[in-house]
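Worksheet: the structure to be examined is printed underneath.
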Amino acid sequence: MNDTPGRNSPGPSPSDEQPPVVPEEPTPADQAPRTGEDARGSQWAREQPPGGQWSTPSAVPPQTRRTTRERARANSGHQQPGGGGGWGPQAAGGGWGNWTPPVRAPQPGVIPLRPLAVGEIIDGAIRTVRVQWRTALGISLALAVGTQTVATVVTGLWFRDVPDLQSLADSETLTPRELLDAIGSSLGGVGVAWAVGLIGSIIATAMLTVMVSRAILGRTSTIGEAWRSARPQLAGMFGLLVLLPLMICAVFAVGLGIGLLVAAAGAEAAGSALALLGGLGSLVAGAWLWIRYSLAVPALMLEKQGVIASMRRSAKLVRGTWWRVFGVQLLAVALTFVVSMIAQLPVGVVETLVAGGSGTSDSTGWPTLIVSGIGAVISSTLAFPVTAAVTALLYTDQRIRRESLDLELVRAAGSGE
């Protein structure tokens, strides 16, 4: 069949099939090039590269040969999941020189300005105390010495004439009046010591929160600067740290009160069971309240909010991450407990020697009270900064996760505000 221009047959017939074309040998230099049908049958393009520009592999520069081998290796299967050749992160052009390391979050202070892991919060708290140990330990030591001195004096004077409750319980001639008087006197002394300690913890927490907030931006604080920043918020801090314990005490009173009333009415077995269940329920409810409002202190100090507003702010930040906040706070409590126990070991030995040397085991004697007070000072000095730093860093982390606080902190660190 003859080919007609502009017309194609549906398909070749067996008789029209042409034999496969085999490329002919290059024309020798002394012969003329083929033309016409011979040129078309050779299947070579009419326009060929100019002579003298092709070279053998041995003439390829070493750098070009390396690039060729790398491409061949990449094409043979040594590719990353992203589709680029080579083993490392590379740009489209290939080569290790284009690799860019991951961008790190800025860290002007004790923590990187990004969402933190649990270990980073604890490490940041310890680093804050280590870097600014003069301010941190100076604040906690001064307040611990002041509050514990008052508590020791009150305990020594208040309980001197109060009979020991254990001895009263072992007495066979104990009257209800004597028991009530002893309990009232004991609670009075404990209440005074608790109030003094609460005032000290309020001041220490307020000043240490200010110190931690400045340490996040890489700035140091003196005791005077921390006091000047915390002083306007002390009234709100006092109201907050009184309201929260009262709420938890009210929960326990309700949970235990029903069982105690039932037991007082004569049903001791049922009352004891109700009191046990109520105590467990109160423990759960108290822990829930503690974590829900645990970030109220830094919210009050750093956002200059009122008592109720700071509690609402804490509830908003904790919502949805209760278990995480609970784990961090529990870890901080365990850490400070272990450190306090280690610090009190030598104090306990001295207390035992003092009690044995005096020949008495009276816990209200002045030697025993003084040694116990020294141990309490050491524990408070070490515990105050860590717990305050963990709470402040946890508050910062929650705001970074929810409100992109890290952007504001970066600007504040750069502007020196």
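In this view, Phe337 and Met341 satisfy the side-chain contact (heavy atoms from CB on, under 4.5 Å) rule, not counting sequence neighbours. Residues satisfying the side-chain contact (heavy atoms from CB on, under 4.5 Å) criterion with Ala285, sequence neighbours excluded, are Val251. Under the rule for a side-chain contact (heavy atoms from CB on, under 4.5 Å), Val284 has no partner lying at least two apart in sequence or in another chain. By the side chain to side chain donor-acceptor pair (under 3.5 Å) test, Ser213 is found to be paired with no residue, residues two or more places apart in sequence or in another chain being considered. Taking Tyr293 as the reference, nothing meets the ring-ring contact (aromatic ring centres under 6.0 Å, His included) condition, with sequence neighbours excluded. Residues passing the salt bridge (charged side-chain N to carboxylate O under 4.0 Å, His left out) test with Arg401 are Asp397, sequence neighbours excluded. Residues satisfying the salt bridge (charged side-chain N to carboxylate O under 4.0 Å, His left out) criterion with Arg114, sequence neighbours excluded, are Glu120. The side-chain contact (heavy atoms from CB on, under 4.5 Å) search around Ile374 returns Ile370, Ile378, not counting sequence neighbours.
Residues Thr396 and Val212 form no side-chain contact, since every pair of their non-hydrogen atoms from C-beta on lies 4.5 Å or further apart. Here the side chains of Arg134 and Ile223 are not in contact, with every heavy-atom distance at 4.5 Å or above. When side chains are defined from C-beta on, Tyr395 does not count as touching Val297, because their heavy atoms never get closer than 4.5 Å. Side-chain contact between Gln398 and Arg402 is present, with at least one heavy-atom pair separated by less than 4.5 Å.
Atom CE of Met207 sits about 14.0 Å away from atom CD1 of Ile202, to the nearest 0.5 Å.
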What pairs of donor and acceptor atoms, side-chain ones from residues 232-246 against any protein atom, are under 3.5 angstrom apart with sequence neighbours left out?
none

Atom pairs and distances, donor-acceptor, side-chain atoms in residues 124-132, under 3.5 Å, two or more places apart:
residue, atom, partner, partner atom, Å
Arg127, NH1, Val110, O, 3.3
Arg127, NH2, Asp123, OD2, 2.9
Thr128, OG1, Gly124, O, 2.7
Gln132, OE1, Ser221, N, 3.2
Gln132, NE2, Arg219, O, 3.0

For residues 224-231, which side-chain N or O atoms pair as donor and acceptor with protein atoms under 3.5 Å away, sequence neighbours left out?
residue, atom, partner, partner atom, Å
Glu225, OE1, Thr222, N, 3.2
Ser229, OG, Glu225, O, 3.1

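The salt bridge (charged side-chain N to carboxylate O under 4.0 Å, His left out) pairs that include a residue from residues 289-303 are Glu303-Arg313, Glu303-Arg399, where partners are two or more places apart or lie in different chains.
Lys316 NZ: 12 or fewer foreign heavy atoms inside a 6.0 Å radius.
Counted by atom type alone, Ser379 and Gln344 present one or more donor-acceptor pairs between their side chains at under 3.5 Å.
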